[in-house]
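Input: a single structure, listed below in structure tokens.
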Amino acid sequence: MRFGFFDDPNLEYVITRPDTPLPWINYMGMENYFGIISNTAGGYSFYKDARLRRLTRYRYNNAPLDEGGRYVYLRDNAAPLPAYWSASWQPVREALDAYECRHGLGYTTITAEKSGIRSRITYFIPLKDNLEIWRLEITNLRDVAADVSIFSAVEFCLWDAMDDATNFQRNLNIGEVEVEDGIIYHKTEYRERRNHFAYFACSEPLTGFDTSREAFLGPYRGWDKPLAVEHGQCGNSIAHGWQPVGVNHNRIVLSPGETRVVIYLLGYHENDENAKFDPKGSNTIDKTTVRPAIDRYRQPAVVEEAFNTLGSYWRELLSKFQVETPELHANRMVNIWNTYQIMVTYNFSRSASYFESGIGRGMGFRDSTQDLLGFVHLLPEKARMRLLDLAATQLPDGGAYHQYQPMTKLGNHDIGGNFSDDPLWLVLATAAYLKETGDWTILDESVPFDNKAGTEAPLFEHLRRSMQYTLDRIGPHGLPLIGRADWNDCLNLNSFSDTPGQSFQTVTAKDGKVAESVFVAALFILAAREMEQIASRLGKQADVEYYARYRAQFEDAIDTAGWDGAWFRRAYDDFGLPVGSFENEEGQIFIEPQGMCVMAGIGIEDGRAEKALDAVAEHLAFQHGIVLLYPAFKRYHLSMGEISSYPPGYKENGSVFCHSNPWIMIAETRIGRGDHALDYYLRINPSAREDLSDIHRCEPYVYAQTIGGKESATPGLAKNSWLTGTAAWNFVAITQWIMGIRPAYDGLIVNPVIPASWSGFKAVRYFRGTRYDIEVKREGPGNRVTLFVDGNKCEENMIPLPVDQPDMIMVNVVIG
Ligand code: GLC
Ligand code: GLC
């Protein structure tokens, strides 16, 4: 069952009924001011940091779902009894005669019709400015005049979202607002240490306003039935403490057929410390620098231009990589939605979504490094900055803080480090950056450790220490010690947590000298290959030999201790016993080492790779994707940690943990099985699952972190959409390995491993300033590739870098 449809030419997903199984959300903002918005206008806004500079309130985990948002109430003043509704259905939830929500790239438009009044609101954030625009177009479809009241409403958050939701003894006293020239200013704490405030303005003269929540809603009433709306009149209330809100009331009369545009602006502004007040010595905000922006954006022409600029920005970004394959779902995701989701993970990391409260986690070291694999071709300069920021949080021993705070860019002490995979992703991300850009200067950038001045070393030295971190921590089977966890945060082999509520991520009861990770061994091998390539290009022969030696050592360790007979083992626990082995009662086979070992090239020559992937097909794959492990843990295992704390079939305990599925897709291409790779790709592809929206429940236009596994009570049910490494990795799997278009240090590789049924495909990809027009034709059933560049046959599967920089290169590929 569907709740909408894709409008590909307009780059939109169109939702045709408001009561989607979950709020289906979208993102706004690119630089500093951001917001999330659902298909019924729920959501919130923040400046830079979703925890520390939250502008508006949102109530997670509430009933009804999705409370708090950018609400517009419409009231028919001529109706005999009070008649009002929401232009986005929520929060009033009055049945509408028509409803449509279009989520586009960086904006959302909601159309509603009721009793002959049509509203169409577009919400967006202009590219450069720190405000959001609600452009309301209201039309009278009746053949008589309509007397309408419009109430637009937000509830301000007192900046620190955590404090706002907990510290009521203080917060209920400090709320302050100002209303001047019909503009509402929210200035809680501005009197003292803040130099920022928010404002809510409107392009029409106000009929009235409210800034006290209780005055607007009325005592013991909710957002669904505000008293002011019911009465058709605001009380011009001024909030002193309690809950400050911003409500504009505009009463307008529309003649038959008339359309009116009203613009609302919700913004954030910072004043100079020395120019906070006007007059000086008062507590009144100095508006000299904020007014110009407000006055500018109140003009419809300026709004239209800002909206068009946003559209061009996105079209330009998407044009960097476009494909045309026989598979609609691949085209749609690669060309539009997967790319968009990757950009959202770039901007938001794991901070704010319908499942991430914006309070908890900062920027994850491994998360951000893997996200970069997806966006490096879109925003190379930002990728460069991100790499340097991440490296600056690295510790001198090569380890990494697991997370850092986006505002301060400092490592997060609460969570600390010692996740065994973190440092290695820095190597892989840097390698991806070098291959994409050819910008070798980044390796000489001087970067501190732990952000401490005086500790600076070139980025290349940071990579070395990343590698050394693994080499300094090798366990009894010659495999890397697992530490607190590796990529799988929930495989906590050293935590032995027996106290309710303890964080598995931070509790360590063992000295960690026994439990080992096969996954990290394979990850090291991948990273070592890159280090060998990088070092050899830098003429550092000793490094090349060093990493080659240890790579071989880990290859041996996986051969002797990592192979279980029919698949790769996952780990060794604190007792030195295998995890992910047929010897285990539960958790006999895990997905991660099957993907990562084959990606690292292990077992490809001798058939173990094929065996392992056959085992994946037999034990882990089912119609909704590939589950993380099988059989799921049915009881809590002290020695396994969080993984066994989840009910069977959920999250790391045997759901389809989508991030790990593309590793199997890539592994399948490594052994030439394009059919299998694409089949797995489509099982979790959101667009391909659109028809299952009632079962899948999350948005059909973006990947979710997890889908209920075969042993769960709800197979196929997705959770935690949007902010997941799944976005980057699926993009890598389909574009770089199935379509086989992947940047290399010295050129662009084109080595497709596509299904037998595909007759070919076309792609346009920008690479180091040149446009590559690639056309692939299948002439036989196999994977053998012959490349022609501008008509000339190429000896390898790689197009070497051109000597001059042509604007365009034509690539013809024959496979068979
Ligand atoms: C979550 C985390 C990620 C981790 C994964 C597996 O998605 O953000 O860092 O690798 O879970 O546990
Ligand atoms: C929990 C989740 C895991 C996530 C981690 C991050 O362990 O199961 O997916 O990576 O929290 O805090």
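Because only heavy atoms are used, hydrogens play no part in the values below, and waters and symmetry mates are left out as well, while side chains stay in. One-based numbering, in listed order, for ligands and for the atoms of each. These figures come from a predicted structure and were not determined experimentally.
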Expected output: side-chain Y572 to main-chain L479 donor-acceptor under 3.5 Å: no
Over 60° means perpendicular and under 30° means parallel, so classify the ring planes of F34 and F46, tilted if in between. tilted
Would you mind listing which atoms of ligand 2 come within a distance below 4.0 Å of any non-hydrogen atom of D489? 4 (C), 5 (C), 6 (C), 10 (O)
Does the side chain of N412 come under 3.5 Å of the side chain of H402 through a donor N or O and an acceptor N or O? no
Give a yes/no on ligand 2: does Q705 have at least one heavy atom closer than 4.0 angstrom to it? yes
Within the 4.0 Å heavy-atom shell around W487, which atoms of ligand 1 are there? 4 (C), 5 (C), 6 (C), 10 (O), 12 (O)
Please list, chain by chain and in numerical order, all residues satisfying ring-ring contact (aromatic ring centres under 6.0 Å, His included) with F568, sequence neighbours excluded. W563
What part of H659, side chain, backbone, both or neither, has a heavy atom within less than 4.0 angstrom of ligand 1? neither
Which of the ligand 2 atoms, numbered from 1, are nearer than 4.0 Å to a heavy atom of K651: 2 (C), 3 (C), 8 (O), 9 (O)
D163 side chain to N167 main-chain N or O, any donor-acceptor pair under 3.5 Å? no
Does ligand 2 have any atom that is closer than 4.0 Å to a heavy atom of Y646? yes
Taking only heavy atoms of E642, which atoms of ligand 2 are found under 4.0 Å from at least one of them? 1 (C), 7 (O), 8 (O)
E652: numbered ligand 1 atoms lying under 4.0 Å from its heavy atoms: 6 (C), 11 (O), 12 (O)
Residues 615-632, side-chain donor-acceptor partners within the protein, below 3.5 Å, at least two apart:
residue	atom	partner	partner atom	Å
H624	ND1	R689	NH1	3.1
H624	ND1	R689	NH2	3.2

Using modelled atom types only, decide if a donor and an acceptor are shared between the side chain of R697 and the backbone of P21 within a distance under 3.5 Å. yes
Which ligand 1 atoms does R366 reach within 4.0 Å, using its non-hydrogen atoms? 3 (C), 4 (C), 9 (O), 10 (O)
Could you check whether the rings of Y701 and W337 sit parallel, tilted or perpendicular, using 30° and 60° as the cut-offs? tilted
Numbering as shown, the atoms of ligand 1 that approach D367 to under 4.0 Å (heavy-atom distance): 2 (C), 3 (C), 8 (O), 9 (O)
Give the atoms of ligand 1, by number and element, whose distance to some non-hydrogen atom of N488 is under 4.0 Å. 12 (O)
